[in-house]
Amino acid sequence: MPGDPPVELRLSLDEADALHAALEELLEGGPEDPRLERSHRVLSWRILAAKGGTGLTGRIAQLAREAQTLEEYEAARERTLGPILDGLESAENRDP
């Protein structure tokens with residue numbers, strides 16, 4: 001949690017993906033735990049930064065690499081994806 005001393009881990013991408021999947025299962029089946037939810041979000045951010053990609057995924061991965069904090073990344077992602085998602089959700093883009 002913010003304010004706690006940080007712990008740094010070095011995981012392979014495969015290990016990070018496995019941990020991410022395990023956290024996701026815990027979050028889906030168990031009681032709400034803000035610490036696990038934040039850890040899941042941090043891990044998602046760092047995995048995306050490590051994987052990269054092309055197109056929109058590549059752009060979001062670049063935002064992940066450039067961000068210094070989870071909150072900075074999530075704000076940048078919202079600024080980038082917000083208009084795209086708003087456009088996709090607009091009435092003109094819905095099937096009749």
Side-chain angles (χ1 to χ4, degrees):
M1 298 302 286
D4 288 341
V7 173
E8 291 190 28
L9 300 173
R10 289 200 176 270
L11 303 171
S12 71
L13 193 51
D14 284 343
E15 292 168 326
D17 279 334
L19 179 56
H20 184 264
L23 283 173
E24 203 163 292
E25 282 186 38
L26 280 172
L27 289 168
E28 288 176 2
E32 286 189 30
D33 185 336
R35 294 169 303 171
L36 284 181
E37 289 173 12
R38 180 171 175 76
S39 296
H40 183 260
R41 289 173 31 229
V42 167
L43 197 52
S44 297
W45 163 46
R46 300 319 305 153
I47 287 172
L48 181 59
K51 284 186 176 179
T54 60
L56 182 58
T57 302
R59 176 68 183 119
I60 301 302
Q62 184 64 35
L63 295 174
R65 285 190 290 277
E66 292 170 355
Q68 297 297 310
T69 66
L70 173 63
E71 292 75 17
E72 195 178 296
Y73 162 66
E74 288 179 338
R77 184 189 63 200
E78 179 60 32
R79 283 191 304 274
T80 300
L81 288 182
I84 294 168
L85 295 176
D86 289 346
L88 291 173
E89 293 173 351
S90 73
E92 301 109 37
N93 291 324
R94 292 193 186 146
D95 288 335

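Side chains included, hydrogens not; waters and symmetry mates left out as well; all remaining heavy atoms used.
- Using modelled atom types and a 3.5 Å distance limit, the side chains of R59 and Q62 yield no donor-acceptor pair.
- For the pair L48 and L63, the minimum side-chain heavy-atom distance is 4.5 Å or more.
- The minimum heavy-atom distance between E15 and S12, with the atom names listed, is OE1-N, 2.7 Å.
- Across A50 and L13, no two heavy atoms sit closer than the pair CB-CD1, 4.2 Å.
- W45 and A64 make their closest contact through NE1-O, 3.0 Å (heavy atoms, listed as atom of the first residue, atom of the second, distance).
- Rounding to the nearest 0.5 Å gives a distance of 4.5 Å between CG of D17 and CD1 of I47.
- Contact detail for E72 and E66: the closest heavy-atom pair is OE2-O, 3.8 Å.
- Heavy-atom minimum distance, D33 versus L27: O-CD2, 4.3 Å.
- Distance CG/L19 to NE2/H40: 9.0 Å, rounded to 0.5 Å.
- Closest approach of R65 and A49 over heavy atoms only: NH1-O, 3.1 Å.
- Atoms CG and CZ, from L70 and R46 in turn, are 10.0 Å apart once rounded to the nearest 0.5 Å.
- Between E24 and L43 the shortest side-chain heavy-atom distance does not fall below 4.5 Å.
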